[in-house]
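Scroll down for the structure; my scribbles are underneath it.
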Amino acid sequence: MSDFTGGFWSIYISIITLASIIACGVLLQALSTRKVSGSDAETTGHSWDEDLVELNNPLPRWWIWLFYITIFFGLGYLVLYPGLGSFSGTYKWTSTKQYDEEVVKAEAQSAPIYEKYSKSGLQQLAADPKAMEIGQKLFLNNCAQCHSSDARGGKGYPNLSDGDWIYGGTPETIKESIANGRKGVMPPWGPLLGDDGTKDMAHYVMSLNGMTFDSLRAARGKEKFMTICVACHGPEGKGNQAIGAEDLTKTNLLHGADEPALIETISKGRTSVMPAQKEALGEARVHILTAYVWSLSNSSGAAAAPAKAGAR
């Protein structure tokens with residue numbers, strides 16, 4: 001890769017760029033003044049249908065000067081802005097620099113609004129319609145890609161509009177999840193259990209969540225569950241929010257609660273990651289977003305309904 005970032009390529013590109021612009025000027029000058037050699041008549045020597053000829057007149061002066069203006073503009077642009085290899089231009093402009101400046105300007109304009117709301121409690125904020133409008137926009141811009149615009153999630157992405165939480169649904173816990181992220185790991189047990197053992201375990205979990213199951217397989221699976229899974233999911237399979245172990249007595253399991261989904265989860269394991277948003281959004285935005293997410297599953301304090309699909 002260093003072969004393409006060395007000084008040679010910068011010079012090479014610069015020469016080609018300048019030579020092309022100069023060549024355009026030379027070609028324009030030649031085409032606007034040159035006559036066909038040995039021709040007395042003002043034609044190019046081309047004819048069609050016996051009497052239709054192409055005149056050898058110079059190009060219109062207004063058109064020529066417009067073309068020259070574009071050449072001068074191009075040369076001026078290359079002096080002021082990046083375009084000649086590694087030369088950054090006299091203005092030292094970069095798209096990254098412009099973006100950073102625009103972000104700083106936007107932050108200065110919006111900071112007072114977020115600062116005002118950051119002083120309110122989360123449950124109090126969830127009852128403020130204007131704050132929830134801001135929270136909804138934050139959700140649509142930063143969370144809807146995974147959790148869907150209606151916050152109902154999908155396979156592998158938690159539903160944020162119900163009362164079931166893997167790590168807990170208190171405002172403080174939700175804020176911790178949003179700010180610092182989460183990483184849940186389910187080890188693969190397939191190599192240890194084998195195909196039959198995995199299926200037995202799946203049927204025992206199905207017996208916990210009320211789905212149709214094979215009682216003989218469930219009985220065998222229970223013995224394995226009490227040996228392998230009880231440490232995280234508990235003896236009753238109700239999980240442990242402190243470590244993000246799911247409540248297996250629910251039918252809305254993160255990766256599915258039917259036999260094929262459970263077999264895949266048990267045999268191959270799962271790794272679920274919730275990215276930390278504190279650095280990207282800042283403390284004040286995380287505060288408002290937390291209040292909005294909490295309001296989705298707490299109708300008594302909710303001022304805004306889950307965002308509808310396609311909402312802006």
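Numbering of residues begins at 1 and proceeds along the displayed sequence.
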Item to complete: Apply side chain to side chain contact (heavy atoms under 4.5 Å, CB included) to the pair W165 and L160, showing each step before the final yes or no.
Response: CA-CA 8 Å; W165 295 88; L160 304 180; 3.9 Å; yes
Discussion item. For L253 and T265: C-alpha separation, side-chain torsions, deciding distance, then whether side chain to side chain contact (heavy atoms under 4.5 Å, CB included) applies.
Written reply: CA-CA 11 Å; L253 297 181; T265 297; over 6 Å; no
Please find the pair of heavy atoms, one from [X] and one from [Y], that lie closest to each other, and give the distance.
{"X": "L125", "Y": "A131", "result": "CD1-CB, 3.7 Å"}
{"X": "S120", "Y": "H287", "result": "O-NE2, 2.7 Å"}
{"X": "E172", "Y": "L122", "result": "N-CD1, 4.4 Å"}
{"X": "K199", "Y": "I263", "result": "CG-CD1, 4.1 Å"}
{"X": "F213", "Y": "A218", "result": "CD1-CB, 3.6 Å"}
{"X": "I166", "Y": "P158", "result": "CD1-CG, 4.4 Å"}

Whether [X] side chain and [Y] backbone form a donor-acceptor pair below 3.5 Å:
{"X": "S148", "Y": "A144", "answer": "no"}
{"X": "T173", "Y": "G169", "answer": "no"}
{"X": "S10", "Y": "S86", "answer": "yes"}

Worksheet item: Do the ring planes of F139 and Y292 sit parallel (below 30°), tilted (30 to 60°) or perpendicular (above 60°)?
Response: tilted
Atom pair [atom1] ([X]) and [atom2] ([Y]), whose distance is rounded to the nearest 0.5 Å:
{"X": "I71", "Y": "C24", "atom1": "CD1", "atom2": "SG", "value": "6.0 Å"}
{"X": "L296", "Y": "D162", "atom1": "CG", "atom2": "CG", "value": "10.5 Å"}
{"X": "T17", "Y": "Y12", "atom1": "OG1", "atom2": "OH", "value": "10.5 Å"}
{"X": "F73", "Y": "I21", "atom1": "CZ", "atom2": "CD1", "value": "11.0 Å"}
{"X": "M186", "Y": "C229", "atom1": "CE", "atom2": "SG", "value": "6.0 Å"}
{"X": "M274", "Y": "N180", "atom1": "CE", "atom2": "CG", "value": "10.0 Å"}

What I'd like to find out is whether the side chain of [X] reaches to under 4.5 Å of the side chain of [Y], using heavy atoms alone.
{"X": "N252", "Y": "N159", "value": "no"}
{"X": "I228", "Y": "W189", "value": "yes"}
{"X": "L193", "Y": "D200", "value": "no"}
{"X": "D196", "Y": "R217", "value": "yes"}
{"X": "T94", "Y": "S88", "value": "no"}
{"X": "T96", "Y": "Y99", "value": "no"}
{"X": "Y91", "Y": "K97", "value": "no"}
{"X": "L84", "Y": "L18", "value": "yes"}

Discussion item. Side chains of Q98 and W93 only: does a donor on one sit below 3.5 Å from an acceptor on the other?
Written reply: yes
Worksheet item: Do H233 and E246 have a side chain donor and acceptor closer than 3.5 Å?
Response: no
Tell me whether [Y] is reachable from [X] by hopping between hydrophobic residues (I, L, V, M, F, W, Y) whose side-chain heavy atoms are closer than 4.5 Å.
{"X": "M132", "Y": "I113", "value": "yes"}
{"X": "I266", "Y": "M211", "value": "yes"}
{"X": "V230", "Y": "L192", "value": "yes"}
{"X": "L254", "Y": "L262", "value": "no"}

Item to complete: Apply side chain to side chain donor-acceptor pair (under 3.5 Å) to Q277 and list each qualifying residue two or more places apart in sequence or on a separate chain.
Response: none
Worksheet item: Is any NZ, NE, NH1 or NH2 atom of the basic residue among D247 and K238 found under 4.0 Å from an Asp or Glu carboxylate oxygen of the other?
Response: no
Discussion item. Between R270 and E264, does any side-chain N to carboxylate O distance fall below 4.0 Å?
Written reply: yes
Take atom [atom1] of [X] as the centre, draw a 6.0 Å sphere, and report whether it contains more than 12 heavy atoms from other residues, nucleotides or ligands.
{"X": "K278", "atom1": "NZ", "result": "no"}
{"X": "Y68", "atom1": "OH", "result": "yes"}
{"X": "E279", "atom1": "CD", "result": "no"}
{"X": "K92", "atom1": "NZ", "result": "yes"}

Discussion item. I22: which residues meet the side chain to side chain contact (heavy atoms under 4.5 Å, CB included) condition with it, sequence neighbours left out?
Written reply: V26
Worksheet item: Does the pair S110 and R285 meet the rule for a side chain to side chain contact (heavy atoms under 4.5 Å, CB included), with working shown?
Response: CA-CA 10 Å; S110 61; R285 285 182 175 84; 3.4 Å; yes
Discussion item. H255 vs S272, test: side chain to side chain contact (heavy atoms under 4.5 Å, CB included). Steps then yes/no.
Written reply: CA-CA 10 Å; H255 295 281; S272 301; 3.2 Å; yes
